[in-house]
Amino acid sequence: MHELEVARWDIASVNRAEVLRYLGHAGQEMTDALSARIDDGIDRCLDVCQPAGTFRIFDIGHAGDEGVTLEGGPELRGHDIAAHLAGSTQVALVACTLGLACEREITRLGIVSPLDQAVFDAAASALVERAADAAEARVMEVAAQRGLFCTDRFAPGYGDLPLDVQDGILRALDASKRLGMNATPSHMLVPSKSETAVIGLADAPQPHRTDRMCGVCGLADFCTIRHTGRTCRG
């Protein structure tokens, strides 16, 4: 089992198009005043939120058609996660969050300005994805050091991987102590702008990555592998 890693990232930007997508924008005309307000909301989000994450790599104890059991970690139940991890020899569990300051700001804006709250919330949704990208890039770096190749990340609630797996992921990562992350009785994450994920590590390059060029990869800003003259594609 890999030693638990915790990181905090100073992420300076988010994809504005992603923020607009979370706001439900579909090409409608926008006034200069509204556009500026959205930019201000994004800047506020980047200033307030504190992206952080943790991960640990586990050996696979048992793998079958109905799920995967990790040595010293939780059981990942479901046909979809079993298929996703087919060929993997190890699994990284990941958790990341924007912290309680983000949560408090969303609540405050809900009182003073619902519009600004909606913009901030959308920017935070885009930012937590960037935090997950940063965590995934670090997992890929560790995998490359071991001569292994990563699958995409797969989150509880995708396919038939049940949401209650999040509870076991948080326990395995000591996320309550390390990041202040917890799960409600209905298995929703607190703070709300948080994510958990599963990434497989395999001996062979993964097909979905072999045709993904570095210039269009969402992990490019955080990738350290390409600076070595290699790629995650093998």
Side-chain angles (χ1 to χ4, degrees), residues 5-26 30 34-55 92-141 150 152-158 163 166 169-170 173 175-176 178-184 188-199 214-224:
E5 288 196 20
V6 179
R8 301 187 185 279
W9 304 287
D10 183 14
I11 300 176
S13 67
V14 295
N15 187 325
R16 192 176 192 272
E18 278 294 286
V19 177
L20 293 178
R21 183 178 68 83
Y22 282 117
L23 285 169
H25 183 263
M30 187 183 303
L34 179 57
S35 181
R37 198 162 179 177
I38 290 172
D39 288 338
D40 288 344
I42 293 172
D43 289 343
R44 176 66 178 163
C45 177
L46 293 169
D47 183 55
V48 168
C49 297
Q50 301 167 341
T54 184
F55 79 93
L93 300 182
V94 177
C96 56
T97 184
L98 300 188
L100 287 174
C102 177
E103 199 86 347
R104 289 193 293 266
E105 183 67 1
I106 291 173
T107 301
R108 185 188 73 83
L109 289 173
I111 298 171
V112 301
S113 173
L115 174 58
D116 289 336
Q117 182 195 43
V119 173
F120 187 97
D121 188 276
S125 293
L127 182 57
V128 75
E129 286 294 328
R130 293 271 284 163
D133 288 342
E136 182 178 354
R138 173 58 184 152
V139 171
M140 290 175 64
E141 179 183 12
C150 288
D152 279 334
R153 61 181 186 262
F154 197 104
Y158 287 6
L163 202 58
Q166 295 198 129
I169 292 176
L170 295 182
L173 297 178
S176 179
R178 307 281 182 169
L179 299 175
M181 282 179 65
N182 294 283
T184 68
M188 303 302 291
L189 296 176
V190 179
S192 61
K193 297 305 178 183
S194 302
E195 290 189 11
T196 60
V198 177
I199 301 171
C214 295
V216 296
C217 178
L219 308 185
D221 288 347
F222 309 106
C223 181
T224 60

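With a 4.5 Å cut-off on side-chain heavy atoms, I169 and V198 count as touching. Side-chain contact between Q166 and S194 is absent, with no heavy atoms from C-beta onward closer than 4.5 Å. Side-chain atoms of Q50 and L100, non-hydrogen and from C-beta on, never get closer than 4.5 Å to each other. L109 places none of its side-chain heavy atoms less than 4.5 Å from the side chain of D121. Counting heavy atoms from C-beta on, the side chains of I38 and M30 come closer than 4.5 Å. Looking only at side-chain heavy atoms (C-beta outward), E136 and D152 come within less than 4.5 Å of each other. In this structure, P51 and L127 have side chains that are in contact, with non-hydrogen atoms separated by less than 4.5 Å. Between F120 and R108 there is no side-chain heavy-atom pair separated by less than 4.5 Å.
Summarising the geometry of A118 relative to L23, their closest heavy-atom pair is O-CD2, 3.4 Å, with the distance given to 0.1 Å. Nearest approach of A126 to Y22, heavy atoms of both residues: N-CE1, 3.7 Å. Closest approach of A124 to C102, counting heavy atoms only: CB-SG, 3.9 Å. Pairing each heavy atom of V19 with each of A122, the nearest pair is O-CB, 3.6 Å. Residues N182 and G180 share a closest heavy-atom pair of ND2-O, 3.8 Å. Annotation for A123 and G41: closest pair CB-O, 4.5 Å, computed over non-hydrogen atoms.
With R44 as the fixed residue, the side chain to side chain contact (heavy atoms under 4.5 Å, CB included) test singles out one of V48, I42, L46: V48. The only option from T54, L179, V6 that meets the side chain to side chain contact (heavy atoms under 4.5 Å, CB included) definition with L173 turns out to be T54. Screening E195, M181, K193 for a side chain to side chain contact (heavy atoms under 4.5 Å, CB included) involving T97 leaves a single residue, M181.
Side-chain atoms of E103 come within 3.5 Å of backbone atoms of S192 as a donor-acceptor pair (strictly under, hydrogens ignored). Formation of a donor-acceptor pair under 3.5 Å by the T196 side chain with backbone atoms of V94 is not found in this model. At distances below 3.5 Å, at least one donor-acceptor pair connects side-chain atoms of R130 with backbone N or O atoms of S13. In this structure a side-chain-to-backbone donor-acceptor pair under 3.5 Å is missing from E5 to F55.
At most 12 non-hydrogen atoms from other residues, nucleotides or ligands lie less than 6.0 angstrom from OH of Y158.
In this model, no donor atom of one side chain and acceptor atom of the other lie less than 3.5 Å apart for S125 and R21.
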Exercise. Do L189 and L170 pass the side chain to side chain contact (heavy atoms under 4.5 Å, CB included) test, and can you show the C-alpha distance, the side-chain angles, and the key distance before you say yes or no?
Worked result: CA-CA 10 Å; L189 296 176; L170 295 182; 3.8 Å; yes
Exercise. Under the side chain to side chain contact (heavy atoms under 4.5 Å, CB included) criterion, do R37 and L115 qualify, and how do the steps go?
Worked result: CA-CA 9 Å; R37 198 162 179 177; L115 174 58; 3.4 Å; yes
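Between the CG atom of L163 and the OG1 atom of T184 there is a distance of 8.0 Å, given to the nearest 0.5 Å.
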